[in-house]
Amino acid sequence: MEPTEIDTYMKKLSILLLLSLVLIPFEVSGRQNDSIIGRPYKSFDTSAFCSYQTFHPSEYLTDNNWDILCAFVEPGRTHKLDSLGLPYNKSQLRLLEVGGLISSDNGVYSTKMPIFGRKETQTIRQQSKEFADSIFPIIEPGIKQLITDFEKAGYAKQTYSLIFSYLLDTYIWDDERLASQKSCEDHGTWSGAYWAMYEPRSHVKIGTNGFGSVHQNWTDELGYWLKTSSLIAFAKEVNKTQGCPIENNEVINAIDGWGLTDKDGNILIPIMRVGNNDNIDVLCKSITTQLSEAVKSYCHSWSAEHNISSEKLGQIIFYHEVMWDLLDILESKGMITMPAILKGEEVGKEHFGDICFIVILED
């Protein structure tokens with residue numbers, strides 16, 4: 001029997017209905033792509049602006065604790081974990097509470113750690129880029145003069161780290177400009193801020209570690225790491241001498257060859273004296289004041305728009321995004337160039353001193 005026109009029409013309709021059933025799940029999945037639930041911790045760009053004595057906030061993310069945090073970004077009771085198929089026990093939830101990463105109120109759990117999905121991260125980074133583009137022409141003359149003054153002082157090798165790690169990532173965090181880690185909320189074993197963005201930026205991960213008065217610029221590519229105990233011991237000697245040559249031979253021997261001192265204990269890395277009002281200090285104060293005032297003004301409404309619990313926390317998160325955008329501008333203009341050691345090149349441990357500096361607070 002030959003198929004009728006109606007048979008042909010019904011067959012086409014059946015095919016269309018079948019296709020729609022196949023395609024709908026993909027469309028729903030596409031809409032859910034912005035969900036953070038189910039995304040592994042390593043796919044996020046996590047930042048810890050904190051000080052700690054015992055446990056770093058990341059150390060609470062054992063087992064599947066990260067999945068629990070993602071689940072409670074939207075508050076809920078434990079049956080929410082059951083519905084998502086996430087195993088848990090009371091000890092896990094208590095550990096996350098003790099670590100200051102979640103809170104509970106009458107059985108309703110809420111994640112305290114800010115975790116941003118893809119779309120919100122894209123929005124925040126667009127906002128930070130626009131902010132950086134607008135503020136850079138204002139601070140550019142000061143930064144140019146600061147670079148000149150660093151070179152005059154004999155710090156040409158450390159200029160990159162002094163601009164990024166000292167100016168943008170140390171000087172500004174003094175509570176007068178933007179909040180220091182210690183003035184932020186205390187979470188028992190750590191104080192400060194810990195948050196996650198989806199996804200990581202394309203720029204190599206870069207940051208600053210402080211060991212008392214000694215500061216070290218780092219990247220994920222860095223292949224040379226002096227032992228923490230040696231850096232802390234060196235910092236203690238620097239505190240004693242306030243930047244004059246150190247005399248402890250045990251410490252001198254421990255850091256020998258790392259570009260921090262010579263064999264006689266003379267310090268080889270820049271000594272930044274905060275509050276002494278020399279040309280470098282005055283410029284740093286001026287640049288960071290302009291930056292911080294603009295960030296504070298911007299974050300009056302920005303923090304609430306992104307459901308961040310306080311303006312202080314919002315300023316920390318937003319400025320960290322702005323900081324990377326400012327770094328991109330500085331590098332693209334050729335004003336600073338990342339030293340080879342930070343790129344992971346095998347240049348020798350003596351170049352460790354190229355990414356270190358000392359900060360001494362003047363009375």
Checking Ser51 against Ser191: is there a side-chain donor and acceptor pair closer than 3.5 Å? yes
Value for NZ (Lys240) from CG (Asn248), rounded to nearest 0.5 Å, stands at 6.5 Å
task = Find out if a path of hydrophobic residues (ILVMFWY) with successive side-chain heavy-atom gaps under 4.5 Å connects Tyr88 to Val98.
result = no
To the nearest 0.5 Å, atom CZ of Phe72 lies from atom CD1 of Ile37 at 10.0 Å
*Does Ile232 belong to the same Ile/Leu/Val/Met/Phe/Trp/Tyr cluster as Trp225, with side-chain heavy atoms less than 4.5 Å apart forming each link?*
yes
*Cation over ring face, Arg39 and Phe44, 6.0 Å, 45°*: no
Practice task
Say whether Thr261 and Asn266, considering side chains only, have a donor N or O and an acceptor N or O under 3.5 Å apart.
Solution key: no
> Are side-chain N/O atoms of Thr189 and Gln53 paired as donor and acceptor at under 3.5 Å?
Replying inline: no
| With the 4.5 Å side-chain cut-off for hydrophobic clustering, are Ile115 and Leu84 part of the same group? | yes
Between Asn217 and Thr208, is there a side-chain donor-acceptor contact under 3.5 Å, judged purely by atom types and distance? no
Check: Gln126/Gln122 side-chain N/O donor and acceptor closer than 3.5 Å: no
Which word best sums up how the rings of Trp302 and His306 line up, parallel for under 30°, tilted for 30 to 60°, or perpendicular for over 60°? tilted
Is the closest side-chain donor-acceptor distance between Asp278 and Asn276 under 3.5 Å? yes
When Glu176, Arg177, Gln315 are each screened for side-chain contact (heavy atoms from CB on, under 4.5 Å) with Ser292, the one that passes is Arg177
Requested in this report: Run the numbers on Lys205 and Asp45 for salt bridge (Lys or Arg N to Asp or Glu O under 4.0 Å), then give the verdict.
Outcome: CA-CA 9 Å; Lys205 189 75 172 179; Asp45 182 12; 2.6 Å; yes
CD1 (Ile124) and CD1 (Ile317) are apart, to the nearest 0.5 Å, by 7.5 Å
Regarding Ser213 and Asn239, do their side chains bring together a donor and an acceptor under 3.5 Å, going by distance alone?
yes
Only residue of Phe131, Phe49, Trp195 satisfying ring-ring contact (aromatic ring centres under 6.0 Å, His included) with Phe318 is Phe131
When you compare the side chains of Asp281 and Tyr171, does any donor N or O come within less than 3.5 Å of an acceptor on the partner? yes
_Distance alone, cut at 3.5 Å: any donor-acceptor contact between the side chains of Trp190 and Asp186?_
no
Distance col, row Asp174:CG vs Ser183:OG, nearest 0.5 angstrom, shows 9.5 Å
ask   = Is it the case that one hydrophobic cluster holds both Met113 and Val108, taking links as side-chain heavy atoms less than 4.5 Å apart, direct or via other members?
value = no
* Asked: Side chains of Gln92 and Asp63: donor-acceptor distance under 3.5 Å anywhere?
  -> no
Start with the C-alpha distance between Arg201 and Asp325, add both sets of side-chain angles, then the distance that settles salt bridge (Lys or Arg N to Asp or Glu O under 4.0 Å), and finish with yes or no.
-> CA-CA 10 Å; Arg201 284 175 174 259; Asp325 290 317; 3.1 Å; yes
Query raised in the report: Does a side chain donor of either Glu331 or Tyr160 reach within less than 3.5 Å of an acceptor in the other side chain?
Result: yes
Show your reasoning for whether salt bridge (Lys or Arg N to Asp or Glu O under 4.0 Å) applies to Glu221 and Lys343. CA-CA 6 Å; Glu221 308 296 325; Lys343 297 176 183 177; over 6 Å; no
Value for CG (Asp149) from CG (Leu162), rounded to nearest 0.5 Å, stands at 12.0 Å
CH2 of Trp218 to CD1 of Ile355, rounded to nearest 0.5 Å, is 11.0 Å
In terms of hydrophobic clustering (I, L, V, M, F, W, Y; side-chain heavy atoms under 4.5 Å; direct or indirect links), are Phe55 and Leu69 co-clustered? yes
| Going by atom types alone, do His351 and Asp354 pair a side-chain donor with an acceptor below 3.5 Å? | yes
